[in-house]
Student: 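Got a structure here, written out as structure tokens. Questions coming.
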Amino acid sequence: MSNNKGFTEADVPQQTGKCFIVTGANTGVGFEIARVLAAKGARVMLGCRTQSRAEDAIARIKRITPNANLVWLPLDLGDLDSVRTAVEIATKEPRIDALVNNAAIMNPPLTRTKEGFEVQFGVNHLGVFALTSLLLPKLAETPGARVVITSSVAHLKAKIDWDDLNADRSYIKTARYGASKLANALFFFELDRRLRAAKSPVTAIGVHPGIASTSLGRHMGILQIAGPIVGLLLNRADQGAWPALLAATGNVKPGGYYGPTGFGGIRGAAGAAKRAPHAEDPALAKRLWDISVTMTGIDPGLSG
């Protein structure tokens, strides 16, 4: 990183000639990631479900950076057919330098993906697993390519109910969200291990955005009553983008985990972050990997 105070938007180097995929780029942290990368000269593919929202985001960025190179990538992480189609489109690009897995859903009522998976595990983990796995061959064509996977502080005390992954027996939405974010942490841990074992040119990095004010109500529950007061303690959306921007463009350690470095790790400039010991458990990571291959029918082709 360029200074001892951590990494911010100002530290993102020029990205001319590079191409990034940013999921969930139409709003919040994802929008800010796309905005900064475009301002630095990158081509950015906005992975979003809805064309109108993607086009609105593109228009907003172009008001700031008129020559921004932006394109909508139709993508619904809750539909594996949509994921496959998005990969087909993306692989036609001359190069992809980084996949920034930012999109997620948080604490909805019990809902199912198109394939019937509990929606938080299905979108936040299985969709990310599928998208990343299918894009690895394309990413490997570009030296230095990266995969960024977004976890959350919610993973720290989370557990995965291995016997009820689909929430057929019980559903507590906050616990399911935490489990999906623990799955993200286990996935990038295992992905890094396997990529290095295969001597792949692709690097896997994990991040979390702290607690961004865009997610205030979802993350903070009753504290949202305090609204603006609590918001002063949290990251703005543009600040929540800093860890992902560091992971996608900065000087990072393969398999490293990055997040805000201030106020208990929930706000401030980006740097190395703390993860739970069970998020680095090789047995749990392998178990999740094998289950994900079975559930999605998609095998990244990296031996264990």
Side-chain angles (χ1 to χ4, degrees), residues 23-24 27-30 47 49 76-79 100-132 148-189 206-225 230-231 234-235 237 240-241 243-244 257 259-260 264-267 273-281 284-285 287-288 291-292 295-296:
T23 68
T27 188
V29 170
R49 287 182 298 172
D76 181 352
L77 290 170
D79 178 347
V100 182
N101 288 295
N102 162 78
I105 57 174
M106 184 178 182
N107 297 350
L110 178 58
T111 314
R112 306 281 177 192
T113 68
K114 182 182 177 184
E115 286 74 27
F117 306 133
E118 184 276 311
V119 73
Q120 294 188 89
F121 189 75
V123 169
N124 297 356
H125 169 62
L126 293 175
V128 170
F129 178 87
L131 179 64
T132 300
V148 181
I149 298 172
T150 303
S151 184
S152 164
V153 293
H155 94 274
L156 291 171
K157 296 183 179 181
K159 295 180 180 179
I160 295 173
D161 187 345
W162 300 99
D163 297 322
D164 191 25
L165 289 175
N166 251 355
D168 294 319
R169 293 196 292 272
S170 68
Y171 181 75
I172 300 172
K173 60 186 180 181
T174 53
R176 293 287 171 171
Y177 175 74
S180 73
K181 294 288 100 179
L182 174 56
N184 291 145
L186 286 166
F187 175 42
F188 86 77
F189 173 78
V207 301
H208 77 88
I211 301 180
S213 56
T214 56
S215 303
L216 177 60
R218 297 178 300 169
H219 280 283
M220 301 300 286
I222 196 169
L223 290 183
Q224 68 181 298
I225 296 170
V230 175
L234 308 181
N235 263 351
Y257 186 49
I266 64 171
R267 63 165 294 167
K274 174 185 176 182
R275 57 182 132 170
H278 57 285
E280 302 176 271
D281 184 321
L284 291 182
R287 183 178 188 180
L288 178 69
I291 287 172
S292 302
M295 292 180 77
T296 63

Student: Does the gap between the ring centers of Y257 and F189 come in under 6.0 Å?
Tutor: no

Student: Answer yes or no: is there a donor N or O on one side and an acceptor on the other, between the side chain of H125 and the main chain of Q120, under 3.5 Å?
Tutor: no

Student: Name all residues meeting the salt bridge (charged side-chain N to carboxylate O under 4.0 Å, His left out) criterion together with D76; count only those two or more places apart in sequence or in a different chain, and write none if there are none.
Tutor: none

Student: Measuring only between side-chain heavy atoms, which start at C-beta, is P260 closer than 4.5 Å to P243?
Tutor: yes

Student: Going by salt bridge (charged side-chain N to carboxylate O under 4.0 Å, His left out), name the residues that satisfy it together with E280, two or more places apart in sequence or in a different chain.
Tutor: R275

Student: I need the L131 CG to I149 CD1 distance, nearest 0.5 Å.
Tutor: 10.0 Å

Student: Who pairs with A179 by side-chain contact (heavy atoms from CB on, under 4.5 Å), at least two apart in sequence or on another chain?
Tutor: I160

Student: Determine whether a donor-acceptor pair (N or O, by modelled atom type, separation under 3.5 Å) exists between the side chain of N102 and the backbone of T23.
Tutor: yes

Student: Can you list everything that forms a side-chain contact (heavy atoms from CB on, under 4.5 Å) with A130? Sequence neighbours excluded, please.
Tutor: L80, V83, I298

Student: Residues in side chain to side chain donor-acceptor pair (under 3.5 Å) with H208, at least two apart?
Tutor: none

Student: For E118, give me all partners under side chain to side chain donor-acceptor pair (under 3.5 Å), at least two apart in sequence or on another chain.
Tutor: none

Student: Using modelled atom types only, decide if a donor and an acceptor are shared between the side chain of S152 and the backbone of K181 within a distance under 3.5 Å.
Tutor: no

Student: Between I291 and W162, is any pair of side-chain heavy atoms under 4.5 Å apart?
Tutor: yes

Student: For S151 and V207, run side-chain contact (heavy atoms from CB on, under 4.5 Å): C-alpha distance rounded to whole Å, both residues' side-chain angles, the deciding distance at 0.1 Å, then the answer.
Tutor: CA-CA 6 Å; S151 184; V207 301; over 6 Å; no

Student: Taking the side chain as everything from C-beta on, heavy atoms only, tell me whether I105 gets closer than 4.5 Å to Y177.
Tutor: no

Student: Considering residues at least two apart in sequence or located in another chain, which fulfil the side chain to side chain donor-acceptor pair (under 3.5 Å) criterion with N124?
Tutor: S180

Student: Which residues pass the side chain to side chain donor-acceptor pair (under 3.5 Å) test with K274, sequence neighbours left out?
Tutor: none

Student: In Å, rounded to the nearest 0.5 Å, how long is the span from CZ of F121 to CZ of F129?
Tutor: 10.0 Å

Student: Any side-chain donor paired with an acceptor under 3.5 Å for T132 and N101?
Tutor: yes

Student: Can you find a pair of side-chain heavy atoms, one from T150 and one from N184, that are under 4.5 Å apart?
Tutor: no

Student: Report the residues that fulfil salt bridge (charged side-chain N to carboxylate O under 4.0 Å, His left out) with R112, sequence neighbours left out, ordered by chain and then residue number.
Tutor: D168

Student: List the residues meeting side-chain contact (heavy atoms from CB on, under 4.5 Å) with D161, not counting sequence neighbours, and say none if there are none.
Tutor: D163, D164, R176

